[in-house]
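Before any comments, here is the structure.
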Protein chains: 2
Amino acid sequence: MGTVNGLGASMGRYIELESSERRLLEGLERHPYRAVRGERLWTSGDPVQDLFILQDGWACTFRDTRDGERQIIELLLPGDILGLREFTLPRHVSEARLITSGIVCGFPHHEIVDLVMASPPLAIALFAAISRQEALLTERMMVTLHRSARIQVCHFVLETFLRLRKVRGVAPESMPFPISQQLLGQILGQSSVHINRILMALERDGVMKKHRDYVAIPDTQRLYDEAEFEDGYLSDRMDGLLERLEALRGDSR
Amino acid sequence: MGTVNGLGASMGRYIELESSERRLLEGLERHPYRAVRGERLWTSGDPVQDLFILQDGWACTFRDTRDGERQIIELLLPGDILGLREFTLPRHVSEARLITSGIVCGFPHHEIVDLVMASPPLAIALFAAISRQEALLTERMMVTLHRSARIQVCHFVLETFLRLRKVRGVAPESMPFPISQQLLGQILGQSSVHINRILMALERDGVMKKHRDYVAIPDTQRLYDEAEFEDGYLSDRMDGLLERLEALRGDSR
DNA sequence: CGTACCTTTGACGGCTGTCAAAGGAAGTGG
DNA sequence: CCACTTCCTTTGACAGCCGTCAAAGGTACG
């Protein structure tokens, strides 16, 4: 609960961090800040200024269609970076909000430039982070376009469980899940009414039971099967590039 | 037709290239290679080894579902880089193929590391390139989840027209479009039968006429309206970071 | 204790997928 | 240059998943 997840942990998924790099990253987290549920970090049309490290809490980015529907683009969990997708754009094309109260650290987007200059390995780790966020998006697209709503719901819950487990201990019988049925609909591109019917059915069938702020998963394997889940896309490994990065470090000494 | 589009043009969209950077990029294009229609550049499960610069021709990346449906993830046009999405992964999770015959240059993925080390501005330009590819994906998701198939088709054709126009001259009355109805279905996540009905209707209504290898667009503005198109996401501008990049260049001298 | 948000349920309709089959157009080999 | 094969396009019938509209009951929070 109280665990705070910073950039060090996040980038450390991909490469071994040297102490100097750790210090660089900590420099970006100078200003932690309590954000309340629903708080807006940026909105569509804003000039891009800050990126945010989500140290605690859940957040999302989204866009609204011209007739008022909302599509969630990313779900951000503790340790994730908000704004990586857009920091090279002149203006934001999405909006970002906290789903729960949490702790965020903002830093100016141009500090990414400094980071890239100071440490090529960190630059590569940033590429890795972007790739992972994009992989989530791609998988979401595969599932929403080719699978029934029931499978979509199962898939999303399981994916979130696995992501969360990387960051902190999670028990399947009571996994934190502060996502309303409406929000779930906005994530999967479906109506909240239909989401409700599916959650009812999943509960009836003993696959999962969603409560207000958490989900109970009696049988994880069962959920894998229901979701037709293949978890390769969640891997943090970066095998092929590591030797080159090590060589690079050797050179710079 | 015969114009060849390399990395210089591609990265030059985002930053002003210095001559040393131009030379670095040309170094990646040592081995241009004629690839035939349908040729496979990599497939799912392959260890990640090379990225490819598409100098001429059209290509795509895609994934297949377990029951044999195919989803196109990206459509690549001349000047685009194939493999940016995945170069930090240990293995490919997608497959890549040429849609038409063309010219590609492969280079080992670890040369990206060298590039990032040699020129932080180029590293930032790579971030920009990834962001733009991701923006295409996001826009596709918005449209496929929230708009009718008719709008989806119009949107995709117009998007492709605008992308192509950045690279070479295109006349709306005969825009190259070597995309079969089946492929169009695989891009938008719909059945080719339904795509056909929509193309028939669009022709009847005078919005566009798709021929085997090209599309005729009698009235571009009409297509904008039909597509409910908002083109902000196609911008190459990178305003906010440029000063910092200039400062960086000043330092390194 | 009231208000706002979240969940639940029913009725109805339409967009889009599936199945099936036939007709064109382009490319290939003899 | 012709025959053949393969890919691409077109059309009809039918079904079902899921959206929309509407309304009521729960639950948390101030």
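So you know, we letter chains A, B, ... as the sequences are listed, proteins then strands, and number each from 1.
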Is the phosphate of [N] approached by [X] (side-chain N or O, under 4.0 Å from OP1 or OP2)?
X: B:Gln182; N: D:dC7; value: no
X: B:Lys210; N: D:dC8; value: no
X: B:Asn196; N: D:dT10; value: yes

Problem set entry | Step-by-step side chain to side chain donor-acceptor pair (under 3.5 Å) determination, B:Glu29 to B:Gln55 | CA-CA 9 Å; B:Glu29 298 177 274; B:Gln55 288 187 341; 2.9 Å; yes

Exercise. When you check the gap from the basic side-chain N to the acidic O, do A:Arg97 and A:Glu39 get nearer than 4.0 Å?
Worked result: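 A salt bridge is absent here (no side-chain N lies under 4.0 Å from a carboxylate O).
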
Problem set entry | Closest to side chain of B:Met200, choosing from D:dG19, D:dT10, C:dT7 |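 The closest nucleotide is D:dT10.
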
Problem set entry | Nearest to side-chain heavy atoms of B:Ala149, which nucleotide of C:dT9, C:dT16, D:dT9 |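 Closest of the options to the side chain of B:Ala149: C:dT16.
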
Within the 4.0 Å heavy-atom criterion, would you say [X] contacts the bases, only the backbone, or no part of the nucleic acid?
X: B:Gly185; answer: nothing
X: B:Ser180; answer: sugar-phosphate
X: B:Ser148; answer: sugar-phosphate
X: B:Arg37; answer: sugar-phosphate
X: A:Gly38; answer: nothing

Exercise. With nearest nucleotides of DNA chain D determined for A:Arg212 and A:Ser192 from heavy-atom distances, which residue corresponds to the more 5′ nucleotide?
Worked result: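 Here A:Ser192 is the residue nearer the 5' end.
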
For this session: Taking the side chain as every heavy atom from C-beta outward, state whether A:Phe62 and A:Arg70 have any atom pair closer than 4.5 Å.
Result: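 Result yes, sub-4.5 Å side-chain heavy-atom pair found.
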
Exercise. Would you find a donor on one side and an acceptor on the other, under 3.5 Å apart, between the side chain of B:Trp42 and the backbone of B:Ser94?
Worked result: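 Yes, B:Trp42 side chain to B:Ser94 backbone: donor-acceptor pair under 3.5 Å.
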
